[in-house]
2 protein chains.
Amino acid sequence: MDIKQRGKVDIVAVANAAKVSASTVSRSFNHPDLVNPATRKKIDRAVKKLGYIRNRAAQSMHGRRSGTIGLVVPTINHAIFAEVIQAFSDAIDQEGFTLLIASHGYDLDREYEMIRKLMEHRVDGLALIGLDHTRETYRLLEQQDVPTLAIWTHDQDSPIPCVGADNLEAGRMAARHLVGLGHREIGLIFPATQNNDRARQRKIGALEVFQSAGISVPEEWQPEAPYSIAQAKQMTLDLLTLDQRPKAILCGNDVIAQGALFAAQRIGLQVPQDLSIMGIGDFKGSADTEPGLSTVRIPAGRIGQMAGSHFSSYVTSEDRGLFRFKCNLSLVQRGTTASVTR
Amino acid sequence: MDIKQRGKVDIVAVANAAKVSASTVSRSFNHPDLVNPATRKKIDRAVKKLGYIRNRAAQSMHGRRSGTIGLVVPTINHAIFAEVIQAFSDAIDQEGFTLLIASHGYDLDREYEMIRKLMEHRVDGLALIGLDHTRETYRLLEQQDVPTLAIWTHDQDSPIPCVGADNLEAGRMAARHLVGLGHREIGLIFPATQNNDRARQRKIGALEVFQSAGISVPEEWQPEAPYSIAQAKQMTLDLLTLDQRPKAILCGNDVIAQGALFAAQRIGLQVPQDLSIMGIGDFKGSADTEPGLSTVRIPAGRIGQMAGSHFSSYVTSEDRGLFRFKCNLSLVQRGTTASVTR
DNA sequence: AATAGTATTGCAAATGTTTTCATAAATTGA
DNA sequence: TCAATTTATGAAAACATTTGCAATACTATT
């Protein structure tokens, strides 16, 4: 503890303490097999003693990787993204990467700025949510030629690698479930669909199924809800107090569905007897509401985990051929949906 | 678009294109007032044309700041942390910082590893949750002398700067509310309290109030629940099906409280008539359950926001005197608590 | 014992930037 | 018009590493 020069310990300080050259210290970290075990021991001791911590910034200047992966999400504070982020983070951590994160609040111009910001830090790869991005963003990605990944959306024609689920199909499955139960008077509560391919695809899928079943959904039964339980609850309340109200509601995601469920309970409607509620996503907690939420399971944890592990290897490998992974959906019928009684 | 040397555009490439020296380009970025407006314009054009993006890694090698702040949380995937992280991220972003994030799953040895990892990236500051950390962690922080912040816990004797609320008081407030309503048969569901000063303090505060009201809580009315709705629901179910069951439950946080509420509904108990449920935290969504959750409001968004903005200035300033901010709590009575009817 | 490898190490150049110092050009004041 | 400032720019050193190359020491083979 003699020379505790707080903070200013670099590789040459270690080298001096171990009486070797800086190169040897460097090698001892990066190619341990190239240095004599005895020397390595001396170096390790010096490192311990001085409290040396490698400087990745300096490393990355050498064409070496920075060891970071950037992730840009619409928002962190939402059940679904929180789960994906967690899984993604764990997966890349396992491969030695660190996560740089930024959010844009569903504003694609801010997304562009965030991406630039992360690029300044020379992330080794950049993961985004979905495939809806501005033209500038795509241009930037191509120009800077940073490995990029789309999480959450699977599209077999995507211009960049993707790991996700088929949202069109998710919408269809949810709709089919309702139709299969004999429902025809159905409301639709979705988030805004511009700039959000996930929500858009789901809605398209659902409407497609309804149309081919000869069901039409009036405009006033299609309110738009932002991503919050409170507002979804309010929207549902409005919808349910119309003169004519639907007997079933298909929600763009489980957060909205939870809001809808609470709204129904609020005005004393029996779910599912008086009203069926269908979600999409199967978020954490959806299984536990009373009654449990019927939904289409999108395996967020698995998507995040696969995205993380595959992207890590993609980034470290030379091969730039793009890859696409599709995660399977499944219908989860719980207590909020039932066949129409009449 | 003539010389689109994808990716390998550095400051001297820009300098050449603009026919000035690298120094001037650098200055034009960092001290624009020192360079002739005309030259600046030339440089800007070259930057645009080549698609140049600054390299913060190279910058930070100069004793310059890295422009990153590290955040280590127990988990990202939890209502409460998601909200803090979001607010913190937004606040530091506004000051030009980027967030490096890592989680440790309530394992303090992993926390140590994560902190080291972030230090390798030379974060300008490091924010942690709470004040419970290993001895090694504290030693590392001091030795490396990285500005550190504790979020979420306020302690007027904390060894490092902190921004948060008084958890002891939160526990007391929740307990007092129940006692004030005449409850004496009270169960307590908390997460594990070792390595978690927030939960521990709350529980201590609550028990303190009960004790001075002459209320004792039997061991079997104090199950331990991890941070998940599903498991909290199960624990509550177990608790409520004992021969003797409490008339009120105080939950260590709102996630547990939601689980408890669903459990009660599951077995047909009327809340609050048959059972009062009290939470702590006031998470997003707590206001919207049916009935709405009574709880102690801890302003997570505000804490994250204050933590972020104060820490940003702390990190950039020379002054290393430590600061402490306490955010106020408030009792929010909604529908899950009522006075005992007997 | 001499030769050919092989294992281990150090030197120096390179990485992309910022900053100090020096120089040149332009402006001001007399 | 000349000296004294002021303004604008460039050259070179510095930052903390990695790595190619060369040098040395050691080992095995004949």
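A, B, ... follow the sequence lines: proteins, then strands. Residue 1 opens every chain.
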### Query
Do you see a donor-acceptor pair shorter than 3.5 Å between the side chains of B:Thr24 and B:Ser21?
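Yes, side-chain donor-acceptor contact under 3.5 Å.
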### Pair A:Thr153-A:Arg198, side-chain donor/acceptor within less than 3.5 Å
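The answer is no; no qualifying pair exists.
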### Query
Are the aromatic ring centres of B:His154 and B:Phe325 under 6.0 angstrom apart?
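They do not qualify: ring centres at least 6.0 Å apart.
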Please determine if a side-chain N or O atom of [X] lies less than 4.0 Å away from the OP1 or OP2 oxygen of [N].
X	N	result
A:Arg122	C:dG16	no
A:Arg56	D:dT17	no
A:Gln59	D:dT18	yes

### Task
Between D:dT17, C:dT8, D:dT9, spot the one nearest the side chain of A:Ala58, thanks.
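The answer is D:dT17.
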Provide, to the nearest angstrom, the distance between the [atom1] atom belonging to [X] and the [atom2] atom belonging to [N].
X	N	atom1	atom2	value
B:Ile11	C:dT15	CD1	P	15 Å
A:Lys8	D:dA16	NZ	P	9 Å
B:His62	C:dT15	NE2	C1'	11 Å
A:Met61	C:dT18	CE	P	11 Å
A:Glu120	C:dT18	CD	P	11 Å
B:Ile43	D:dA8	CD1	P	13 Å
B:Leu34	D:dT6	CG	P	15 Å
A:Asn36	C:dG10	CG	C1'	15 Å

#### Entry: Other residues, nucleotides, ligands: >12 heavy atoms within 6.0 Å of B:Arg324 CZ
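Enclosed: over 12 neighbouring heavy atoms sit under 6.0 Å from CZ of B:Arg324.
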### Query
When you look at CD of B:Gln194, are more than 12 heavy atoms from neighbouring residues, nucleotides or ligands closer to it than 6.0 Å?
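Atom CD in B:Gln194 is crowded, with more than 12 foreign heavy atoms closer than 6.0 Å.
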### Query
Within the structure shown, what part of the strands sits under 4.0 Å from B:Ser60 by heavy-atom distance: base, sugar-phosphate, or nothing?
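No contact.
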### Task
Before accepting this row, confirm whether a basic side-chain N of the pair B:Arg139/B:Glu142 lies closer than 4.0 Å to the acidic partner's carboxylate O.
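Judged by the 4.0 Å cut-off on N to carboxylate O distance, B:Arg139 and B:Glu142 do not form a salt bridge.
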### Task
Give, ordered by number, those residues of residues 20-33 of chain B having at least one heavy-atom distance below 4.0 Å to an atom of DNA chain C; if nothing qualifies, reply none.
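B:Ser23, B:Ser26, B:Arg27, B:Asn30, B:His31 - these, ordered by number, are the residues of the stretch whose heavy atoms sit under 4.0 Å from the strand.
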Got a list of side-chain donor-acceptor pairs under 3.5 Å for residues 114-121 of chain B, not counting sequence neighbours?
from     : atom 1 : to      : atom 2 : distance (Å)
B:Lys117 : NZ     : A:Asp93 : OD1    : 2.5
B:Lys117 : NZ     : A:Phe97 : O      : 2.9
B:Glu120 : OE1    : A:Arg56 : NH1    : 3.1
B:Glu120 : OE2    : A:Arg54 : NH1    : 3.3
B:His121 : NE2    : A:Thr98 : OG1    : 3.2

